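Notes follow the structure.
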Number of protein chains: 2
Amino acid sequence: MITVEEILRKQDLRGTACRRFIINGLLESDRALSENELKGDFPELFDRVTFYRTLITLEEHGIIHKIVLNDNSVKYALNSHHQNENNLHSHFHCEECDEVLCLEGKTRFEAELPDNFVSHSVFVVIEGFCADCASHIK
Amino acid sequence: MITVEEILRKQDLRGTACRRFIINGLLESDRALSENELKGDFPELFDRVTFYRTLITLEEHGIIHKIVLNDNSVKYALNSHHQNENNLHSHFHCEECDEVLCLEGKTRFEAELPDNFVSHSVFVVIEGFCADCASHIK
DNA sequence: ACATGTAATGCAACAATGTTGCAAATATAA
DNA sequence: TTATATTTGCAACATTGTTGCATTACATGT
């Protein structure tokens, strides 16, 4: 398992408390987390702006990525190492419990774009019910 | 070509100026429009809240749909009549000129979800360059 | 361990957007 | 034309995104 310090070192980023806090939170989670979910029991530990800028920094350095859901809410997850070829980023969002999962390499997408259009990356959000919620609700 | 009045009538919605304005704007456009793009030269014609609530009403009645882009911005487009089977909503977003196109029926998506997960709908945003911007930039 | 330059932080402030309640205005059906 | 339910505009507030700047903390070389 890769450590927080390794992740920061690899990107030539200084080790700061806020960066460690965020990376740790995501390393320990099996799902994507919103800013508030990340802050958890320590909503005041860092200034709002620091948190905001740290998320930007981590994203710019390819450590995390942002997932924008259909309700305008935003979650973050660690980047996986394996880059797939058409730059496909797929996530599942449970409409009931709000959890978001990264669907690494388990999706396929094809599009016929108009002539001369160029695709750089593809973002997919599947909306539905996770296993738990599907069984409770039905 | 279907008219604004037909669209409203079909959904048992009262004909109001704001509803007509929005539907008209989208009918006349070949691309998805943001709230400000819709307002165009008449940014003050309707109250901000009226516009906001009208968009919600139209979306709830299945007349329009919302497209949330990766930069948190939002655009709107008329719904197409043909419902595809896995409820796939695909859009192209030009990173340069910001235009958004609906890719009706020109995309295919498959996912292996974890056991017992249920998919209701799939939202795809392709980020890239449209033909015009691709030629200018390269 | 310490000084130093660079980078990150916290604060204040503001912008944009989402959201609600309520009284006044308006659309439709009789 | 009138009655009634719906829609509107206004005020107000919440949330999130964003910038500038003075202060503080980090990592490097000594």
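Worth saying up front: this structure is predicted, and the values here are computed from it rather than measured. Throughout, a chain's letter reflects where its sequence line sits, starting with A, and its residues are numbered from 1.
No side-chain heavy atom of B:L45 sits less than 4.5 Å from a side-chain heavy atom of B:K39. Side-chain contact check for B:M1 versus B:L27: some heavy-atom pair is nearer than 4.5 Å.
Computed from coordinates, the A:L45 CG to C:dA8 P distance equals 18 Å when rounded to whole Å. To the nearest angstrom, C1' of C:dT19 lies 13 Å from CG of B:D47. One can place CG of B:L8 at 11 Å from P of D:dT7, the figure rounded to the nearest angstrom. Nucleotide C:dT28 holds its C1' atom 18 Å from the CD atom of B:Q11, rounded to whole Å. Atom C1' of nucleotide C:dA8 and atom CD1 of A:I23 are separated by 14 Å, given to the nearest angstrom. The CD1-C1' distance, from B:I22 to D:dT7, rounds to 13 Å in whole Å.
With values rounded to the nearest 0.5 angstrom, B:H93 atom NE2 is found 10.0 Å from B:C130 atom SG. Note that SG of B:C102 is 8.5 Å distant from CG of B:L78, once rounded to the nearest 0.5 Å.
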Sequence-aligned protein contact record of nucleotides 22-30 of chain D, with B where the base is within under 4.0 Å of a protein heavy atom and S where only the sugar-phosphate is: ---BBS---
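Taken residue by residue, residues 48-72 of chain A places heavy atoms nearer than 4.0 Å to DNA chain C at A:R48, A:V49, A:T50, A:R53, A:T54, A:N72.
Remark: aromatic rings of A:H120 and B:F129 are close, center separation under 6.0 Å.
Nucleic acid contact class of B:R19 (heavy atoms, under 4.0 Å, all strands): sugar-phosphate only.
When hydrophobic side chains of Ile, Leu, Val, Met, Phe, Trp and Tyr are connected at separations under 4.5 Å, A:F109 ends up clustered with A:L88, A:F92, A:L101, A:L103, A:L113, A:F117, A:V122, A:V124, A:I126, B:L88, B:F92, B:L101, B:L103, B:F109, B:L113, B:F117, B:V122, B:V124, B:I126.
Just one of A:K10, A:R20, A:R14 meets the salt bridge (Lys or Arg N to Asp or Glu O under 4.0 Å) condition when paired with A:E5; it is A:R20. Exactly one residue among B:K75, B:R31, B:H65 makes a side chain to side chain donor-acceptor pair (under 3.5 Å) with B:H91. That residue is B:H65.
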